[in-house]
Amino acid sequence: MTVLWDFTATAIDGAERSLAGYDGQVVLVVNTASKCGFTPQFAGLEHLYDRFRDQGFVVLGFPTNQFAQELGDDESIEAFCTTNYGVSFPMFSRIDVNGKGAHPLYQWLKKEAGGTLGSAIKWNFTKFLVGRDGRVIARYSSSTEPEQIADDIAAALAA
């Protein structure tokens, strides 16, 4: 059985990272963009991270330009997120979330938790909650505000 910890991804600083480092934590995986109507959700994601990180929770941000709303390189993405939203949770290099070039992590996430209109990621800020066991608990649409997920995160941390 495949779990989150089986994957690697390139961090926004260019270093290859094993997601095994998050083994035992509750993880919220989010595809992000800095020029999207949902971009202000960065503030809510940071708030969730601040609120729950001491209990074993982390947000992992994966920028994508598949919806033509993330035009910067990794350095400018990181600067934008830090300067405008105080993002301190881990961010990764820009990836594809759909199609033949989709990152293996996103291929797995979509297989584990399809959306209401099929498994494809429909827009930026689609969120996947992963339990301490590395398995997907839930998928949330772009329009789901981060604070709406707080009770699910608390329940996953208590499990």
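For F7, the ring-ring contact (aromatic ring centres under 6.0 Å, His included) test picks out W108, with sequence neighbours left out. E78 meets the side-chain hydrogen bond (donor to acceptor under 3.5 Å, both in side chains) test with no other residue; sequence neighbours excluded. By the ring-ring contact (aromatic ring centres under 6.0 Å, His included) test, F92 is found to be paired with F62, residues two or more places apart in sequence or in another chain being considered. Residues satisfying the side-chain contact (heavy atoms from CB on, under 4.5 Å) criterion with A159, sequence neighbours excluded, are absent altogether. Judged as a side-chain contact (heavy atoms from CB on, under 4.5 Å), and not counting sequence neighbours, the contacts of T39 are C36, F42, F80, Y85, F125.
Of all the heavy atoms in R132 and A156, the pair that sits closest is NE-O, 4.2 Å. When all heavy atoms are compared, the tightest approach of T32 to N124 is O-OD1, 4.1 Å. Residues A33 and Q69 approach most closely at CB-O, 3.4 Å, considering heavy atoms. Summarising the geometry of I149 relative to K127, their closest heavy-atom pair is CD1-CD, 3.4 Å, with the distance given to 0.1 Å. The nearest pair of heavy atoms linking Q25 to W5 is O-CH2, 3.6 Å.
Counting only heavy atoms from C-beta outward, the side chains of V3 and D133 never approach each other to under 4.5 Å.
We find the OG-NZ distance between S142 and K122 to be 10.5 Å, quoted to the nearest 0.5 Å.
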Side-chain donor-acceptor pairs under 3.5 Å in residues 93-102, sequence neighbours left out?
from, atom 1, to, atom 2, distance (Å)
S93, OG, A11, O, 3.1
S93, OG, D74, OD2, 2.6
R94, NH1, E70, O, 2.8
R94, NH1, G72, O, 3.0
N98, OD1, K110, NZ, 3.2
N98, OD1, I121, N, 2.9
N98, ND2, I121, O, 2.8

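Residue-environment remark: CZ (R53) exceeds the threshold of 12 foreign heavy atoms within 6.0 Å.
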